[in-house]
Amino acid sequence: MNLKNIVNRYLINALEKLNLTVKSFDLSSSKNPKFGDLSTNVALILAKQVRRNPMEIARKIEQAIPIDNSILSEINVTPPGFINFRISPIYYQSIVQQIINKDKHFYTGNIGKGKTANVEFVSANPTGPLSVGHGRQAVIGDTIANILQWHGYDVTREYYYNDGGKQMRILGESVAARYFQELGQSVEWSDDYYQGDYIKNIAKNIVKEFGEKVKIGDAIFRKVAEERIFSNIRNTLEYIGIIHDIFSNEKDFIKPNKIESLIESLRQKGLIYEADSATWYKTTSLGKDQDRVLIKSSGEPAYRLPDIIYHRDKFERNYDLLIDIFGSDHIDSYPDVVSALEALGYNTSNLRVLIHQFVTLTKGGEKVKMSTRKAEFVTLDELINLVGKDVVRYFFLMRGMNTHLNFDLELAQDQSEKNPVFYLQYAHARICNIIRHGEQHGITFDKNYGPSLLSHDAEIELMKQLNQFPEIMATVLESLEPRSITNYLQTLASSFHKFYTECHVITEDIPLSQARIALISATKNILAEGLDILGINAPKRM
RNA sequence: GCCCCGGUAGCUCAGCUGGAUAGAGCAACAGCCUUCUAAGCUGUGGGCCACAGGUUCGAAUCCUGUCCGGGGUACCA
């Protein structure tokens, strides 16, 4: 059981003894160590209810809590009515043992045990290489999947794409145009065409593989382009450690019978009408300011339609938790998908849609506009080559997904050398080095070490941080914001570096050395565990 | 117009399910390596938490309004 639960129980017992009831109260780590380790506002909340002085109530509660020296060393009350708990070093010392003994509490959660989850992310159509913008979503999605796995979920990583739409047609035409240019023929060039060099390369390859006799409108242009681009996308994803379990193709969801059945279901709810020879979804009756087209007058489905069918399919697959990760361009359309699913009778409370803001790229202070079609973008590959996989992942994870991430390319490399990710990795490598050093001097880990020898301020502080890990993981499962993990690992690493400068591990004092080896081993385990969740390497040497 | 996000140190950002003195990194300045990795540690300077109201014992955090910035608002996906 974790520390908070233990103290919480003390409080509840005390309240019962005093015949006090309260709906909810806060028990959290004290921001200022002066006040102890944990503080609660329960007396302040109660004061309002019973109309009495909060200090008076706090003192009563304080007296009703027994001091158990293995956990609590002190309780005190401070104005305006906080009750503060100081935790016994004995408790923190026991944390190190738990971590070393691989206590499950530190290595896995049980909330998702026996449950399934699906995380849909990236979902870029194969019209060009992944950009830096896609990278943010890719890394966030993969890490959220890791977080769910840590909590016991059986996670499916899914990539949804569309290779049948207008954009793909233009892609094929763009390649064809380059192909004929390559053969020295003059072709009509449209501004709509994709302009990146990768298009030229694909065209050159078609010349090489299929010769010079491919005709205008041949399906080969699009087919080869899609294959090439898709394999490139997969390589890029693999490059930063991401592997999807399922690739879902829109084609499988726009079959006539599926479309008809969906339209009919919605029509029965009075949400469908025809106008201007198109089929409309009456989003105004669901609070939107305008209705949306589901089937264009040409008879083709508009993109919302397959999205709805696709999501219905995911619901039918009966996951316990569905997560969609979209860029902010979806902000307006996903509520329509959700409302349609609700209208169809699905319980959307187990669907979580996470919207992240786009990456704003600047080059020497000037904004770089990103457009796949105009080939104005920086590819994810280029970025990874520039700064490395670990930095890319960390960079995208350390900021909240609601921030408009500002990324200056000229500073990217510069910043990477001072990047906080090295701070974490360095802590891990340093520990490995100390352990090696100990081995060279015949001082190794001994499970009969004396935990009570760990009593230096820097040691206590480090143990306190270790104790936080499961709690951080629990809050991240709620918020689905990986940045809490990066923030936590920073403070953990900081506590370790401080410990390192103040306490020598390998010394002539063998018992103390062994106790400290236990402490740094536990620290190493948690650092590695955290980095693993982030998909970042924990190096043994740097 | 409508919707979503943001506005915290010179810069990039934490902190935001309300708590006690607002933090980190970078940049600037001053220190610390004859013993485990200086990619580290210690210290100094730097803030009307955009602005104005409100709720509260208590607001950077919640509510309302204003201003500024980013994005979205297609019978493109």
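Per chain, numbering begins at 1; letters A, B, ... match sequence-line order.
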- prompt: Should B/C49 form a Watson-Crick or G-U wobble pair with both distances under 3.5 Å, which nucleotide is its partner?
  reply: none
field: A/S277 versus A/E274, side-chain donor and acceptor atoms under 3.5 Å
entry: no
- request: Mind checking A/T78 for me? I need base, sugar-phosphate or nothing, with any heavy atom below 4.0 Å counting as a touch.
  value: base
Electrostatic pair A/R292-A/D332, nearest N-O below 4.0 angstrom: yes
message: When you measure from the side-chain N and O atoms of A/R436 to the phosphate of B/C36, is any distance below 4.0 Å, counting only OP1 and OP2?
response: no
Nearest-neighbour nucleotide for the A/V505 side chain, B/G40, B/C36, B/A14 considered: B/C36
message: Taking 4.0 Å as the cut-off, does a side-chain nitrogen or oxygen of A/R483 come that near to OP1 or OP2 on B/G15?
response: yes
field: A/T507 versus A/H504, side-chain donor and acceptor atoms under 3.5 Å
entry: no
message: Among A/E459, A/M463, A/Q465, exactly one meets side chain to side chain contact (heavy atoms under 4.5 Å, CB included) together with A/F499. Which residue is that?
response: A/E459
query: Do the side-chain N or O atoms of A/K296 get closer than 4.0 angstrom to the phosphate oxygens (OP1, OP2) of B/A74?
result: no
- prompt: Does a nitrogen or oxygen in the side chain of A/R430 sit under 4.0 Å from OP1 or OP2 of B/A38?
  reply: yes
message: Starting the side chain at C-beta, find the nucleotide from B/G6, B/C75, B/C41 nearest to A/N402.
response: B/G6
task: Select base, sugar-phosphate, or nothing to describe what A/L44 touches, counting heavy atoms under 4.0 Å on all strands.
output: base
field: Pair assignment for B/G58, Watson-Crick or G-U wobble, requiring both distances under 3.5 Å
entry: none
task: State whether the aromatic ring of A/F82 stacks on the base of B/G19, taking stacking to mean ring centres under 5.5 Å apart and ring planes under 30° to each other.
output: no
message: With the stacking rule set at 5.5 Å and 30°, tell me whether A/F35 counts as stacking on B/A20.
response: yes
- prompt: For B/G6, which nucleotide is its Watson-Crick or G-U wobble mate, given both distances must be under 3.5 Å?
  reply: B/C68
Side-chain donor/acceptor contact of A/T491 with base of B/A24 under 3.5 Å: no
query: Between A/D276 and A/N41, which has a closest nucleotide on RNA chain B that is more 5'?
result: A/N41
message: With a 4.0 Å cutoff (strictly under), does any side-chain N or O of A/Y281 reach OP1 or OP2 of B/C75?
response: no
A/Y303 vs B/A77: side-chain N/O to OP1/OP2 distance below 4.0 Å: no
message: Which nucleotide, if any, forms a Watson-Crick or G-U wobble pair with B/U73, using both distances under 3.5 Å?
response: B/G1
No-H, no-angle donor-acceptor pair, A/S297 side chain to B/C75 base, under 3.5 Å: yes
field: Result of checking A/L512, A/I506, A/I434 against A/I517 for side chain to side chain contact (heavy atoms under 4.5 Å, CB included)
entry: A/I506
- line: Across every strand shown, the nucleotide meeting Watson-Crick or G-U wobble geometry with B/C29 (both distances under 3.5 Å) is B/G43
- request: May I ask you to say what A/N84 touches in the nucleic acid, namely base, sugar-phosphate or nothing, with a heavy-atom cut-off under 4.0 Å?
  value: base
- prompt: Hey, does A/Q440 reach any base, or is it just sugar-phosphate, or nothing, if we go heavy atoms under 4.0 Å?
  reply: nothing
message: Does the structure show A/H497 stacking with B/C41, if we require the centres to be closer than 5.5 Å and the planes to be within less than 30 degrees of parallel?
response: no
- prompt: In terms of base orientation, is B/C33 syn or anti, with the syn window spanning 90° either side of 0?
  reply: syn
- prompt: Using 30° and 60° as the class limits, which term best fits the ring planes of A/Y310 and A/Y160: parallel, tilted or perpendicular?
  reply: parallel
